[in-house]
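One structure below.
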2 protein chains.
Amino acid sequence: MKKIAIDCNSAFLYPMPMVLVGSIVGGKANFMAVAWVTRVNFKPPLFAIALGPHHTNKGIDENREFSINIPDVSLIEKTDYCGLVSGNKTDKSGIFNVFYGSLSKAPLIEECPISIAFSLYDAVKLPFNTLYIGEPKEVFTEEKYMTDNTLDIKKVHPFTLTMPDNNYWSVGENLGKAWKSGKSLKV
Amino acid sequence: MKKIAIDCNSAFLYPMPMVLVGSIVGGKANFMAVAWVTRVNFKPPLFAIALGPHHTNKGIDENREFSINIPDVSLIEKTDYCGLVSGNKTDKSGIFNVFYGSLSKAPLIEECPISIAFSLYDAVKLPFNTLYIGEPKEVFTEEKYMTDNTLDIKKVHPFTLTMPDNNYWSVGENLGKAWKSGKSLKV
C-alpha cells in the first residue's frame with residue numbers, strides 16, 4: 001500500500017455541482033456561485049448551501065427566501081463572474097433574465113435549465129460558514145430538458161467544480177443504473 | 001418563456017458526487033453509498049453527509065468517528081452493492097481492503113483514490129435525515145492520483161449520481177478555470 005497523507009484543508013468532493021444562489025439584497029436581485037450544496041432531507045425535500053460571510057446572506061437572513069438555479073455549460077462565464085465579484089460592490093441584477101414564482105424574494109434565472117425557489121427552513125452557524133437549509137416551494141424547468149417527464153442530465157448540460165485546482169468539468173458518459181449495477185454481487 | 005413547474009420531491013442536484021461512508025457498527029466495518037454530501041465549512045474544513053435512518057448511524061452516534069471514501073469508476077458495482085444491502089442484514093466488512101489511520105473507528109478503503117477519516121463535529125436532526133457534520137483528521141491518497149502535488153480528477157476517475165432517474169455518470173472534459181473564466185465580463 002502506497003498511501004500518503006495530505007493536508008486536511010485540501011479535502012473536497014470530486015466533483016462538486018455548480019449552482020447559482022439567488023437572493024434579494026437591498027431590493028435588488030443578486031446571484032452568487034456556489035458548489036458547497038447538497039440535498040439533505042427526503043421528506044420534506046430540503047437542501048443545504050454552505051455560505052461564507054457574503055452579500056447574499058443578508059438577503060436570506062432578512063427575507064427567509066432564496067433560490068438555487070442550475071446553470072448549463074453555456075453559462076460558465078456568467079456563473080464564474082458571479083463568483084468573482086461581490087454584490088456588495090457590483091450590481092449583478094442585470095446579468096440574467098430574472099423571473100419569479102410565488103416567492104417574491106427568490107429571484108429565478110430564466111436561462112438556467114432548473115430553478116428552485118426556497119423558503120428558509122433553518123440556518124446552522126458553523127465556525128466560518130452558515131449552512132442555510134431551505135425547503136423548495138416551486139421547481140421550474142422546460143419540457144426540452146426532460147425525457148419521459150423526468151429531468152435528463154444530458155439535456156440539462158450542467159457543469160461541476162473541483163478544488164483546490166479550481167477547474168470546471170462537464171458531465172461524461174452514462175455508467176449504468178444506480179440501485180441496480182450492484183445486484184450481481186448479491187449472494 | 002416556456003417554464004413549467006415540476007414536483008418539489010423531484011428536485012435534486014445535477015450531478016451528485018458518489019462516496020462510500022465507512023463506520024464501525026457492532027465491531028465490524030460497514031460501508032454505505034451516499035450522494036447527499038458536501039463540504040460545509042472553510043476553516044476548519046467540515047463536511048456534511050445527510051443520512052436516513054441507516055445501520056451506519058448507530059456506528060457514528062456511538063463512536064463519533066466515520067470515513068468518507070471516494071470510489072473510482074472501477075468500483076461502481078461494489079459501491080452500488082453497498083447502497084442495495086443494509087449492514088443490518090449483510091456483513092459488508094469484507095468487500096474492500098480496509099485500513100486505518102489514527103482514528104480506530106473510521107475504516108478506510110484501500111481501493112478508493114481518496115479516503116478521509118472524520119471525527120464527528122455535530123449531528124443536526126432533520127425531519128427524516130440526520131446531517132452528520134464531520135471534521136477531517138486525516139486524508140489519504142496515492143501519488144498516482146496527483147499532478148503537481150494536487151489531486152487530479154482525471155486520475156481519480158470518480159463518478160456521480162443523478163436522481164430520480166438513478167444513473168451513474170463519469171466526469172467529462174475540462175471546461176476552463178474557476179475564478180478566472182468570468183474575468184472577461186468584469187467591467
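Chain identifiers are assigned alphabetically (A, B, ...) following the order of the sequence lines, protein sequences preceding nucleic acid strands; residue numbering begins at 1 within each chain. Side chains are part of it too, since the values below use all heavy atoms of this structure and drop only hydrogens, waters and symmetry mates.
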Closest non-hydrogen atoms of B/Tyr100 and B/Pro107, given as atom of the first, atom of the second and distance, are CE2-CA, 3.5 Å
Checking heavy atoms, do the side chain of A/Tyr145, its backbone, both or neither come under 4.5 Å from chain B?
-> neither
In terms of heavy-atom pairs under 4.5 Å with chain A, which of B/Ala11, B/Ala5, B/Ala50 leads?
-> B/Ala11
Atom group of B/Leu13 that falls short of 4.5 Å from chain A, counting heavy atoms = both
Pick one of side chain, backbone, both or neither for B/Ala35, based on which atoms fall under 4.5 Å of a heavy atom in chain A.
-> backbone
So which of A/Asp80, A/Thr160, A/Thr162 actually passes side-chain hydrogen bond (donor to acceptor under 3.5 Å, both in side chains) with A/Tyr168?
-> A/Asp80
Can you say whether A/Ile6 sits under 4.5 Å from chain B via the side chain, the backbone, both, or neither, judging by heavy atoms?
-> both
Among B/Ile133, B/Leu151, B/Val156, B/Val85, the residue with the most heavy-atom pairs under 4.5 Å to chain A is B/Leu151
Look at atom CZ of B/Phe42 and say whether more than 12 heavy atoms of other residues, nucleotides or ligands are closer to it than 6.0 Å.
-> no
Looking only at heavy atoms, which two atoms of B/Gly172 and A/Trp169 are closest? And how far apart?
-> O-CE3, 3.7 Å
Within a reach of under 6.0 Å around NZ of B/Lys154, are more than 12 heavy atoms found that belong to other residues, nucleotides or ligands?
-> yes
Residues A/Lys92 and A/Phe31: closest non-hydrogen pair is NZ-O, 3.0 Å
Atom group of B/Met163 that falls short of 4.5 Å from chain A, counting heavy atoms | side chain
Answer with side chain, backbone, both or neither: which region of B/Thr147 has an atom nearer than 4.5 Å to a non-hydrogen atom of chain A?
-> neither
In one Ile/Leu/Val/Met/Phe/Trp/Tyr side-chain cluster, 4.5 Å: B/Ile60, B/Ile109 | no
Quick check: are there more than 12 heavy atoms from other residues, nucleotides or ligands sitting under 6.0 Å from NZ of B/Lys177?
-> yes
May I ask you to name which of A/Asn166, A/Ile49, A/Asn41, A/Asp122 has the most heavy-atom pairs under 4.5 Å with chain B?
-> A/Asn41
Heavy-atom pair count under 4.5 Å with chain B, highest-scoring of A/Cys82, A/Pro127, A/Pro158, A/Pro164 | A/Pro127
Looking at the rings of A/Phe66 and A/Tyr132, which for Trp means the six-membered one, are their centres under 6.0 Å apart?
-> no
Using non-hydrogen atoms only, which part of A/Glu143 is less than 4.5 Å away from chain B: side chain, backbone, both, or neither?
-> both
Given B/Lys43, B/Glu173, B/Met146, the one with more heavy-atom pairs under 4.5 angstrom with chain A than any other is B/Glu173
Judged by modelled atom types alone, do A/Thr150 and A/Asp148 share a side-chain donor-acceptor pair under 3.5 Å?
-> no
Ranking A/Ser10, A/Pro45, A/Ser181 by heavy-atom pairs under 4.5 Å to chain B gives rank one to A/Ser181
Any side-chain donor paired with an acceptor under 3.5 Å for B/Asp91 and B/Ser93?
-> yes
Sort B/Leu161 into side chain, backbone, both or neither according to what part of it lies under 4.5 angstrom from a heavy atom of chain A.
-> side chain
What part of B/Ile116 is in contact with chain A, defined as an atom under 4.5 angstrom from a non-hydrogen atom: side chain, backbone, both or neither?
-> side chain
Is it the side chain or the backbone of B/Leu185 that comes within 4.5 Å of chain A heavy atoms, both, or neither?
-> both
Please look at A/Ile70 and chain B and tell me whether the side chain, the backbone, both or neither of the residue comes under 4.5 angstrom of a heavy atom of that chain.
-> side chain
Answer key: most heavy-atom pairs under 4.5 Å with chain B among A/Lys183, A/Lys180, A/Glu138, A/Met16 is A/Lys180
Quick check: are there more than 12 heavy atoms from other residues, nucleotides or ligands sitting under 6.0 Å from NZ of B/Lys155?
-> yes
Which answer fits A/Thr130, side chain, backbone, both or neither, if we ask what part of it has an atom under 4.5 Å from a heavy atom of chain B?
-> neither
What residue, out of A/Val171, A/Thr141, A/Leu126, has the most heavy-atom pairs lying under 4.5 Å from chain B?
-> A/Thr141
